[in-house]
Amino acid sequence: MINRLAIAIRICIHFFMFPIGLPSPNPPPPTQEARPAASDVNNDSSITSSKKRKINSSEREDIDSISSSPKTTNYSSSSCTSTSQHIQKKLRFEDSVDFIGLDVKMAEESSASCSSNKMKTVFLAGGVGHHANGLTKTAGSTTFSNSKPGAAKKLVIKNFKEKPKLPENYTHETWQKLKEAVEAIQNSISIKYNLEELYQAVENLCSHKISAKLYKQLQIMIRSIFLFLDRTYVLQNSMLPSVWDMGLELFRFYIISDMKVQSKTIDGILLLIERERSGETIDRSLLRSLLSMLSDLQIYQDSFEQRFLEETNRLYAAEGQRLMQEREVPDYLHHVNKRLEEEADRVITYLDQSTQKPLIATVEKQLLGEHLTATLQKGLNHLLDENRIQDLCLLYQLFSRVRGGVLVLLQHWIEYIKAFGSTMVINPEKDKTMVQELLDFKDKVDHIIHVCFMKNEKFVNAMKEAFETFINKRTNKPAELIAKHVDWKLRAGNKEATDEELEKMLDKIMIIFRFIYGKDVFEAFYKKDLAKRLLVGKSASVDAEKSMLSKLKHECGAAFTSKLEGMFKDMELSKDIMVQFKQCQNLPGNIELTVNILTMGYWPTYVPMEVHLLPEMVRLQEIFKTFYLGKHSGRKLQWQSTLGHCVLKAEFKEGKKELQVSLFQTLVLLMFNEGEEFTLEEIKLATGIEDGELRRTLQSLACGKARVIHKVPKSKDVEDGDKFSCNDDFKHKLFRIKINQIQMKETVEEQASTTERVYQDRQYQIDAAIVRIMKMRKTLSHNLLVSEVYNQLKFPVKPADLKKRIESLIDRDYMERDKENPNQYNYVA
């Protein structure tokens, strides 16, 4: 009798793994007791072993426990039988178990009544598997080698000599079980059989080459059960679809292909989507499952997508027409953006990715593409006028999604700039604020392009062209006003900006300056204003003046600024000359003389005016003239009294004051040292000042803010017969008082004179261009000559004016008409 049995088993197990995403079989029962095969007690040949089992992982490391309940083990000895304890293990069904080797060491205690057993054969449970489906495999004999009592015994298990055979009717019975299981799953009822048992049955059939018959009998399958069939037989036959694909095809053929079922399914899906678009809450997971089913069945595009896109097109076409009439453009744009986000979310949530492109294109076409022009005509001007940056950003983003949308927006952008700019330039009432409004408008459109239009180069270039178009609709005037605006900014009295702000402002003005055609007009007025600032000392900063000059030189070239640079050189040379003059001459009296020597070609043309200076002034003039001509022989000095200014020291009852006045104002005020009251005629006779200039001078002294003389009768204008007297009671909080010089203000005549000089200069430039071209080409037709002249000139010229210049050159024998062809010109050397 064996008291103790120690068993060491090494087992190699093939694990069965289900593919990811596929349903796995139902888990097997937790434990099952090993049942010994039924055999006759007297049968000493063999017993049927229990089915193959796999040792639980928790017990694999430990020695199998021995069951406490005794069971009979048969030995094939001649006359003795002994009882031993039967080995009981916790096992569970699995795919396959192969025994690589089985070693059993037995420690036997001597006892009993059988001492003659030199060899004993033991039949162990677990050596042969008796499967639940009735299939039995015959195990080979297992023997212990001869050993003495008490020695370890070695158990050797040999391979099968023959492959096990299937019992009769096994194929039919197995198929009936499989059929019942499939029908149970289809009817959503519980399965009578264990899934492992069904899986093992399929494996057995495939192992015995019944795969083809099983595949033909199978109509609908559950992939987790027939997976082994799918992995073996179907995989080896490339012409056969997988079991999963076959099931999908059968479902598609018998169920979804039914037009009534398909129509109701699609109608239900479209109804749910329509409700969601209307704002209702729906079961999105249901939609996702249904559409995923259609996609798996490969009927998504044919049965659903086409109808879905048609319904989407119909819905948004009607919605676009309705909302364009009901809503303002900003609200409509936000609605369109919301719809696009919703449709993109539907693609992510439950629609197929292949639907994204046609779906979004449909929404964009119906809500945007069909209403591009209407949207811009209705709301673009409003958005730009109110500077609605966020709405403009959204507008550009949405229009960028539609083919041709940016080009339509670009065209309306150009039209808006031209229309808005023309209202500023053409209206004479806005002349005083035109340049500042142009600068503000330029800043505004630059900001919109930078922030809203993503710095699109097409919009930048279009803006430049639009500015150039509207700013030149009014000939010459914008150039004049820009020059005056620069003069106002550079005057000494302008304390509105710091040096950095002034520099930025000049940069902005130069941008506007680039758009004007009449740059020579700007030069003429700028030069005249610069002369006043330099001569009267009204320039805010020499650095700012030179910075502006540098910008003009960089923009227009050295020839454009050569005269302006000459003006600065004259001022610097005049300072050096005055230092030398004061060092060499002992000036009589208490008058300080400062003279600026101006080169006539650099400075604006001034009309000389003869006035009656005081004898002391005349004597100083002669002294300086003798000094200067002594150093520069051959030159001629011409005194410009209109540009002179003085500082007078005056005594009033309140105290002493210094008056900063012009030369004409000085001559008038000095008369009151000789008398108390003078009439207009008397002052005119004594000073020799021109009548109009004298009236403006008296008006500045008697009618301005600083009234140092009285006028009788009191009025704003100076009339004949008015009398003037000194205001001894004059009071002012400042010690040095600057009396505004009305004569420095530009009159209409001066503007006309400046414009006329520009026109004359242009004629000279036209003549020079024509002669230059004809000298090079010798012979040229009229049209080609006009075309080349336009290319060389930097200012606009009317064809009639150009024709006059050609006729003038013909009269002066610079060129002649061809005798045979009057439309052709020949150069005359």
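Every residue was checked against the salt bridge (charged side-chain N to carboxylate O under 4.0 Å, His left out) condition with Glu328, not counting sequence neighbours, and none meets it. The ring-ring contact (aromatic ring centres under 6.0 Å, His included) search around Phe513 returns Phe522, not counting sequence neighbours. Applying the salt bridge (charged side-chain N to carboxylate O under 4.0 Å, His left out) rule to Glu555 yields the partners Arg514; only residues at least two apart in sequence or on another chain are considered. Here Asn791 pairs with Ser787 under the side chain to side chain contact (heavy atoms under 4.5 Å, CB included) rule; sequence neighbours left out. In this structure, the ring-ring contact (aromatic ring centres under 6.0 Å, His included) partners of Phe420, at least two apart in sequence or on a different chain, are Tyr416, Phe441. For Glu386, the side chain to side chain contact (heavy atoms under 4.5 Å, CB included) criterion is met by His382, Arg388, not counting sequence neighbours. Checked against side chain to side chain contact (heavy atoms under 4.5 Å, CB included), Ser285 has the following partners two or more places apart in sequence or in another chain: Asp283, Arg288.
Looking at every heavy atom in both residues, Leu392 comes nearest to Leu380 through CD2-CD1, 4.2 Å. Taking both residues in full, the closest heavy atoms of Ala479 and Gly518 are given as CB-O, 3.3 Å, listed atom of the first, atom of the second, then distance. Residues Leu506 and Ala544 come closest through the heavy atom pair CD1-O, 4.1 Å. Heavy atoms only, all atoms of each residue included: Ser263 and Arg307 are closest at O-NH1, 4.4 Å. Considering every non-hydrogen atom in both Pro478 and Val425, the closest pair reads CG-CG1, 4.0 Å. Across all their heavy atoms, Pro330 and Leu383 have their closest contact at CG-CD2, 3.7 Å.
Here Thr433 contributes atom OG1 and Leu438 contributes atom CG; the two are 9.0 Å apart, rounded to the nearest 0.5 Å. Taken from CG in Leu333 to CG in Leu398, the straight-line distance is 6.0 Å, to the nearest 0.5 Å. The CD atom of Gln321 sits 8.5 Å away from the CD atom of Gln366 when rounded to the nearest 0.5 Å.
Looking at heavy atoms from C-beta onward, Arg401 lies in side-chain contact with Leu340 at the 4.5 angstrom threshold. Contact of the Val336 side chain with the Val363 side chain is not registered, since no non-hydrogen atoms from C-beta on lie closer than 4.5 Å. By the 4.5 Å heavy-atom criterion applied to side chains, Leu552 and Met510 are counted as neighbours. Contact check for Thr375 versus Phe399: side-chain heavy atoms found under the 4.5 Å cut-off. Side-chain contact between Leu502 and Leu490 is present, with heavy atoms from C-beta onward closer than 4.5 Å. By the 4.5 Å heavy-atom criterion applied to side chains, Ile273 and Glu311 are not counted as neighbours. Using a 4.5 Å heavy-atom cutoff, the side chains of Ile482 and Ile512 are in contact. Taking the side chain as every heavy atom from C-beta outward, Asp487 and Tyr526 never approach each other to under 4.5 Å.
Residue pairs meeting the side chain to side chain donor-acceptor pair (under 3.5 Å) criterion with at least one member in residues 402-412, sequence neighbours excluded, do not occur. For the salt bridge (charged side-chain N to carboxylate O under 4.0 Å, His left out) condition, no pair includes a residue of residues 457-470, sequence neighbours left out. Sorted by first and then second residue, the salt bridge (charged side-chain N to carboxylate O under 4.0 Å, His left out) pairs with a member in residues 417-435 read Asp431-Arg474; sequence neighbours excluded. Residue pairs meeting the ring pair (Phe, Tyr, Trp, His ring centres under 6.0 Å) criterion with at least one partner in residues 316-354, sequence neighbours excluded, do not occur; the list is empty. Sequence neighbours left out, not one pair with a member in residues 258-299 passes ring pair (Phe, Tyr, Trp, His ring centres under 6.0 Å).
Judged by distance alone, the side chain of His485 and the main-chain N or O of Ile509 form no donor-acceptor pair under 3.5 Å. In terms of modelled atom types and a separation under 3.5 Å, the side chain of Asn472 and the main chain of Phe515 share a donor-acceptor contact. Of the possible donor and acceptor atoms, one in the side chain of Ser541 sits under 3.5 Å from a partner among the backbone N and O of Asp543. Between the Thr355 side chain and the Leu351 main chain, no donor and acceptor come within less than 3.5 Å of each other. A distance-only check finds a donor-acceptor pair linking the side chain of Lys444 to the backbone of Leu384 [under 3.5 Å].
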**OP:** Would you check, one step at a time, whether the test salt bridge (Lys or Arg N to Asp or Glu O under 4.0 Å) holds for Glu480 with Lys477?
**Re:** CA-CA 5 Å; Glu480 174 189 342; Lys477 195 64 178 179; 3.4 Å; yes
**OP:** Could you walk me through whether Asp529 and Arg491 pass salt bridge (Lys or Arg N to Asp or Glu O under 4.0 Å), step by step?
**Re:** CA-CA 10 Å; Asp529 294 333; Arg491 283 181 186 176; 5.8 Å; no
**OP:** Could you walk me through whether Lys551 and Glu503 pass the salt bridge (Lys or Arg N to Asp or Glu O under 4.0 Å) test, one step at a time?
**Re:** CA-CA 11 Å; Lys551 297 179 191 299; Glu503 187 70 20; 2.8 Å; yes
**OP:** Give the intermediate values and the outcome of salt bridge (Lys or Arg N to Asp or Glu O under 4.0 Å) for residues Lys177 and Glu180.
**Re:** CA-CA 5 Å; Lys177 292 181 180 180; Glu180 292 177 9; over 6 Å; no
Subject >> Criterion side chain to side chain contact (heavy atoms under 4.5 Å, CB included) on Phe459 and Met454, from CA distance to verdict >> reply: CA-CA 10 Å; Phe459 284 82; Met454 305 299 181; over 6 Å; no
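Residue-environment remark: CD (Gln390) stays at or below the threshold of 12 foreign heavy atoms within 6.0 Å. Other residues, nucleotides and ligands place no more than 12 heavy atoms under 6.0 Å from the NZ atom of Lys508. Within 6.0 Å of CD in Gln792 there are more than 12 heavy atoms belonging to other residues, nucleotides or ligands. Within 6.0 Å of NZ in Lys365 there are 12 or fewer heavy atoms belonging to other residues, nucleotides or ligands. At most 12 non-hydrogen atoms from other residues, nucleotides or ligands lie less than 6.0 angstrom from CD of Glu500.
Classification of the Phe308-Phe304 ring pair by plane angle, with boundaries at 30° and 60°, yields parallel. Relative orientation of the Tyr396 and Phe453 rings is tilted, given thresholds of 30° and 60° on the angle between their planes.
Arg277 and Thr312 are linked by a side-chain donor-acceptor pair at a separation below 3.5 angstrom, with hydrogens and angles left out of the test. Looking only at atom types and distance, the side chain of Asp440 has a donor-acceptor partner in the side chain of Gln436 under 3.5 Å away. Side chains of Glu203 and Gln200: a donor-acceptor N/O pair is present below 3.5 angstrom, by distance only. Checked by atom type, the side-chain pair Tyr517/Asn476 shows no donor-acceptor distance below 3.5 Å.
Between Glu326 and Arg322 there is a salt bridge, with a side-chain nitrogen of the basic residue lying less than 4.0 Å from a carboxylate oxygen of the acidic one. Under 4.0 Å is where a charged nitrogen must lie from a carboxylate oxygen, and between Arg284 and Asp345 at least one such pair does. For Glu342 and Arg339, the salt-bridge test passes: some basic side-chain N is under 4.0 Å from an acidic carboxylate O.
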